[in-house]
Amino acid sequence: MKDLTIPAARPVNPRFSSGPCAKIPHYSLDMLSDAPLGRSHRAAVGKARLAEAIALTREVLGVPADYRIGIVPGSDTGAVEMAMWTLLGARPVEMLAWESFGEGWVTDAVKQLKLDATVRKADYGRIVDFAQVDFDKDVVFTWNGTTSGVRVPNGDAIPADRAGLTICDATSAAFAMDLPFDKLDVVTFSWQKVLGGEGAHGMLILSPRAVERLETYTPAWPLPKIFRLTKGGKLIEGIFQGETINTPSMLAVEDYLVALKWAQSLGGLKALIARADANAAAVRDFIAGKDWIADLAEDPATASTTSVCLRFTDPAIRDGAAFAKAVAKRLEKEGVALDAGAYRDAPPGLRIWCGSTVETSDVAALMPWIEWAYRAELAAQ
């Protein structure tokens, strides 16, 4: 490799973007031929598709029967904002952040909702100490830091008898990690992450405790129509049966159904988790023992298995940010890794999406190319 020999193998699918993410293997637009295009989402066929999407989501993720699942506007962002604007303010709040999206929720809680929240932050590559969190307050956090490559390892630190609600942004965790729903009162995600669906639609999952809060608490601030989940002090049940607040894309719904049925065909959540685990392991096996590249995640117990973030550690590198961008550009020019640069607010480096739609063989094929691009860029300094 030191003579800059170009690797022999190439990833079949070079799409390693962390969102929108790679489509399911062997994807074809022909799979969407049954989409009820040009039909109302309120027609019987549209309602049936939306209800099926909710039912399959419940089945694949293992969502408890007494939890509500709704399809909402605005992708994961819309779902998180809907939860924050409708649920927060009844109790004291703790906001946890260890990456850019978590920082965004802090900003909204403190500057937009003007809550006197306790804010706990950790640097990129770490998560906050959950042992210090007061779960008698409402707690908002991301399960997996899409831009920082770290995740909550499990729900053990969240007490079953908590008084507050836990609001979890799980957009890059759902379908690739085991989410303990008994410890989570609100779970949100979007279709374009682990299952490689299309953007614009969010999923909002509510525990009975969250529903109770909605029906017994009225926020002090006005709510736009797109955030309203109750009417006359009662949950709008239709939202959680496929009667969406605004018009969904039936093409995107069909695409999501295709991905859900693919997940079922593999064996469901357990198989999806195994695929992501294997992909992340392929990256970490490659970087192990190397003195020029390292995992951004400092603790293997909290290292992400979907958005794996890497940093270059060679002291010979003169400008870390420029170097990392140049390596990502080389990988893209060779057609072996598209959109593999670190997130704009994150430390310089690479971010390799290892979610469940990615093939482990493609991850393994990419690794020598990363070393090739690193050495080529180092020689060009």
Side-chain angles (χ1 to χ4, degrees), residues 4 6-7 10-23 75-76 98-104 123-126 142 144-151 171-172 176 190 192-194 196 199 276 279-280 282-284 286-287 290 292-298 303-355 357-359 362-381:
L4 299 182
I6 291 179
R10 290 173 174 268
V12 174
N13 185 355
R15 293 168 180 82
F16 295 100
S17 164
S18 291
C21 302
K23 308 298 286 185
S75 193
D76 178 64
W98 48 82
E99 50 104 40
S100 58
F101 291 104
E103 290 272 6
D123 293 336
Y124 279 84
R126 303 176 183 177
T142 54
N144 182 80
T146 311
T147 66
S148 64
V150 291
R151 63 173 177 175
T171 198
S172 56
S190 54
Q192 74 266 25
K193 292 294 186 180
V194 176
N279 291 338
V283 177
R284 294 187 169 111
F286 175 77
I287 67 172
K290 290 182 169 56
W292 54 272
I293 196 167
D295 204 325
L296 183 60
E298 296 182 9
S304 173
T305 54
T306 53
S307 51
V308 178
C309 298
L310 306 175
R311 58 189 178 89
F312 293 104
T313 57
D314 190 337
I317 295 171
R318 297 171 186 167
D319 183 332
F323 186 91
K325 288 180 180 179
V327 168
K329 187 175 181 179
R330 282 183 185 270
L331 295 172
E332 184 152 347
K333 184 177 180 181
E334 290 292 332
V336 294
L338 308 177
D339 309 318
Y343 188 72
R344 60 180 180 267
D345 295 332
L350 300 177
R351 182 172 57 158
I352 311 300
W353 181 253
C354 291
T357 59
V358 175
E359 300 281 24
D362 284 338
V363 179
L366 171 62
M367 295 301 103
W369 283 97
I370 291 177
E371 183 162 1
W372 169 83
Y374 149 75
R375 296 198 182 282
E377 192 56 36
L378 197 65
Q381 283 191 144

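Because the structure is predicted, anything quoted here is derived from the model rather than measured. FYI, the numbering just counts along the sequence from 1.
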Distance (rounded to the nearest 0.5 Å) between [X] [atom1] and [Y] [atom2]:
X: I352; Y: S17; atom1: CD1; atom2: OG; value: 10.5 Å
X: R375; Y: D314; atom1: CZ; atom2: CG; value: 8.5 Å
X: L331; Y: W372; atom1: CG; atom2: CH2; value: 7.5 Å
X: L350; Y: L296; atom1: CG; atom2: CG; value: 11.0 Å
X: K290; Y: E371; atom1: NZ; atom2: CD; value: 5.5 Å

Just to verify, what does F312 make a ring pair (Phe, Tyr, Trp, His ring centres under 6.0 Å) with, not counting sequence neighbours?
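Testing F312 for ring pair (Phe, Tyr, Trp, His ring centres under 6.0 Å), a comparison that skips the adjacent residues, returns F323.
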Where [X] and [Y] come nearest, the two heavy atoms and their spacing:
X: N279; Y: G355; answer: ND2-O, 3.1 Å
X: P368; Y: A365; answer: CD-O, 3.4 Å
X: A294; Y: T313; answer: CB-CG2, 3.8 Å
X: A297; Y: G149; answer: CB-O, 3.5 Å
X: R126; Y: V150; answer: O-CG2, 3.6 Å

Quick one: do S148 and E99 satisfy side-chain hydrogen bond (donor to acceptor under 3.5 Å, both in side chains)? Show the steps, please.
CA-CA 6 Å; S148 64; E99 50 104 40; 5.0 Å; no
With a 3.5 Å distance limit and no angle check, can you tell me whether [X] reaches the backbone of [Y] through a side-chain donor-acceptor pair?
X: T142; Y: G145; answer: no
X: T305; Y: A276; answer: no
X: T306; Y: C354; answer: no
X: D362; Y: V12; answer: yes
X: Q381; Y: R318; answer: yes
X: K193; Y: T171; answer: no

Applying side-chain contact (heavy atoms from CB on, under 4.5 Å) to V194 and T357, what does each step give before you reach the verdict?
CA-CA 7 Å; V194 176; T357 59; over 6 Å; no
Apply the test side-chain contact (heavy atoms from CB on, under 4.5 Å) to residues S75 and Q192: give CA-CA distance (whole Å), side-chain angles for both, the deciding distance (0.1 Å), then the verdict.
CA-CA 9 Å; S75 193; Q192 74 266 25; 3.1 Å; yes
Using salt bridge (Lys or Arg N to Asp or Glu O under 4.0 Å) as the criterion, list what pairs up with R311, not counting sequence neighbours.
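Residues passing salt bridge (Lys or Arg N to Asp or Glu O under 4.0 Å) with R311: none at all.
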By salt bridge (Lys or Arg N to Asp or Glu O under 4.0 Å), which residues pair with D295, not counting sequence neighbours?
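Here the qualifying residues are R284.
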For residues 325-338, pull every pair meeting side chain to side chain donor-acceptor pair (under 3.5 Å), keeping only residues two or more places apart or in separate chains.
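As it turns out, the side chain to side chain donor-acceptor pair (under 3.5 Å) pairs with a partner in residues 325-338, which skip direct neighbours, are R10-E334, R330-E377.
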Which residues share a side-chain contact (heavy atoms from CB on, under 4.5 Å) with S18, sequence neighbours left out
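Per chain and number, S18 pairs via side-chain contact (heavy atoms from CB on, under 4.5 Å) with T146, S307, R351, W353.
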Apply side-chain contact (heavy atoms from CB on, under 4.5 Å) to the pair F16 and V363, showing each step before the final yes or no.
CA-CA 9 Å; F16 295 100; V363 179; 4.1 Å; yes
Is the distance between the ring centroids of W98 and Y124 under 6.0 Å?
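Ring-ring flag for Y124/W98: false, centres at least 6.0 Å apart.
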Identify every side-chain donor-acceptor pair in residues 337-349 under 3.5 Å, counting partners at least two apart or on other chains, and give the distances.
none

Less than 4.5 Å apart, side chain to side chain, heavy atoms only: is that true for I317 and W292?
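No, side chains not in contact.
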